[in-house]
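Working notes for the structure below.
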Amino acid sequence: MTNHQPDPGVVKSIQDAYQILCVSHISPDGDAIGSLTAMGQILHYLEKKVTLALQDDVPPELMNLPYAHSVIGADDVGDTYDLIICLDSSSSDRMGRVYRPSHHRHIPVAVIDHHITNTKFGTVNWVEPECAATCQMLVYLTDMLQIPLEEPLARSLLTGLVTDTHCFRTPNTTPDVLAVATRLVNEGADLAKITDQTLNRRPYNVLQLWSQVLPTMQLEDGVIWTVVHQDNLDQIGNPNADSQLSSVLITADEADISAVFTERIGDDGYARVECSFRAKPGYDVGSVAFRLGGGGHPPASGCTIDGNIHEIVPKVVAELQQARKQKKQQV
Ligand code: 5GP
Ligand code: MN
């Protein structure tokens, strides 16, 4: 059986609070929305007053999860909560504009996360890098709190497990992960449907974007990368359409590390680069992202760097090549 017991301080903070704000990370994925909506259901079961908030919209394919429609944006977040629960976020900046220190500094924060790069920024922190998803941790929390895993809750939790493990294909898919997933399926969560909705589909314009940027990809010293310019995003009319391309690039046999660099230029001309990294088993892009101000896991990580894309890309590619070389020396 598992040793992943919930942190007593986090459990007590939940039990002691009544009015609770739950938040997950910017550009939310399946584990962010799965854990946020699962926590909403857990807290409703415990008869708490719950607010779910995200800086960015819930992706359309996750809108079918319970309470997804009740998630509010940053502008609607108040400051009268007893507790903030921060899910699947390795650092406080991942909450984006939902967390405003000027309004929220006096409120205790409970961090529940599985990123090895977590900075433990909460008042109480439960961080389990061996868990494949924050949703896996919430199964252990429901056990401790004796909350039944009925279908809607199981659906939210399995969504996070399926998306963070790419349907149980990542090396961190341990027997514990499979045991938890089996329980969720037994409670009625529809594995085939969740997989189809979250992993097997993407908007057509995302494929159009890939067709624009794949011709410019490069492979050098085991690192494969491509660049998405603001122009590419403008042309397809979907500024958030950068997901999963780094996972496609890492499938190249000749590559050990992949990167996608997405340029974002604000209305004020302020430029930044969103970096998405992937690594083959045994290589570590989590520590590279952490050094660059971001975070993640050894096989999948990311960061955002302010500045000009033409200057940033060569520097980061060189860092990734260096990280690959260090690993090669260890073998
Ligand atoms: P993706 O490439 O799918 O956007 O992100 C892969 C992993 O890196 C996820 O676990 C995500 O949480 C983490 N990640 C991506 N971008 C950032 C970032 O800007 N900051 C931090 N701390 N983590 C990131
Ligand atoms: Mn996660």
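As the structure lists them, so they are numbered: ligands from 1, and atoms in each ligand from 1.
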Which of the protein's N, O or S atoms come within less than 2.8 Å of the Mn ion (ligand 2), not counting waters?
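Listed by chain and number: Asp31 OD2, Asp88 OD1, His114 NE2, Asp164 OD2.
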Spatial distance of atom CD (Glu128) from atom CD (Gln136) [nearest 0.5 Å]:
8.5 Å
Interatomic distance, Leu52 atom CG to Ser24 atom OG [nearest 0.5 angstrom]:
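Reported value, rounded in 0.5 Å steps: 10.5 Å.
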If you measure from the Lys or Arg side-chain nitrogens to the Asp or Glu carboxylate oxygens, is any gap between Asp113 and Arg94 under 4.0 Å?
no
If you look at each N/O of ligand 1, which protein N/O atoms lie under 3.5 Å away, and at what distance?
residue: ligand 1; atom: 2 (O); partner: Ser276; partner atom: OG; Å: 2.6
residue: ligand 1; atom: 2 (O); partner: Arg278; partner atom: NH1; Å: 2.9
residue: ligand 1; atom: 2 (O); partner: Arg278; partner atom: NH2; Å: 3.3
residue: ligand 1; atom: 3 (O); partner: Arg278; partner atom: NH2; Å: 2.9
residue: ligand 1; atom: 8 (O); partner: Gly302; partner atom: N; Å: 3.2
residue: ligand 1; atom: 10 (O); partner: His115; partner atom: NE2; Å: 3.1
residue: ligand 1; atom: 10 (O); partner: His297; partner atom: NE2; Å: 3.4
residue: ligand 1; atom: 12 (O); partner: Arg94; partner atom: NH2; Å: 3.2
residue: ligand 1; atom: 12 (O); partner: His115; partner atom: NE2; Å: 3.2
residue: ligand 1; atom: 22 (N); partner: Ser90; partner atom: OG; Å: 3.1
residue: ligand 1; atom: 22 (N); partner: Gly295; partner atom: N; Å: 3.2
residue: ligand 1; atom: 23 (N); partner: Gly295; partner atom: N; Å: 3.4
residue: ligand 1; atom: 23 (N); partner: Gly295; partner atom: O; Å: 3.3

Could you walk me through whether Ile250 and Tyr283 satisfy the side chain to side chain contact (heavy atoms under 4.5 Å, CB included) test, starting with their C-alpha distance in whole Å, then the side-chain angles of each, then the deciding distance to 0.1 Å, before giving a yes or no?
CA-CA 12 Å; Ile250 196 61; Tyr283 293 86; over 6 Å; no
For the pair Ser91 (side chain) and Thr119 (backbone), establish whether a donor and an acceptor sit closer than 3.5 Å, ignoring hydrogens and angles.
no
Test item: Lys48 side-chain N/O and Ile14 main-chain N/O as donor-acceptor pair under 3.5 Å
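Here the side-chain-to-backbone pair exists.
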Paired with Arg183, the side chain to side chain contact (heavy atoms under 4.5 Å, CB included) test is passed by just one of Leu149, Leu178, Leu158, namely Leu149
Parallel, tilted or perpendicular for His44 and Tyr67, by the 30°/60° rule?
parallel
Could you go step by step and tell me if His114 and Asp88 meet the side-chain hydrogen bond (donor to acceptor under 3.5 Å, both in side chains) rule?
CA-CA 7 Å; His114 69 124; Asp88 199 39; 3.2 Å; yes
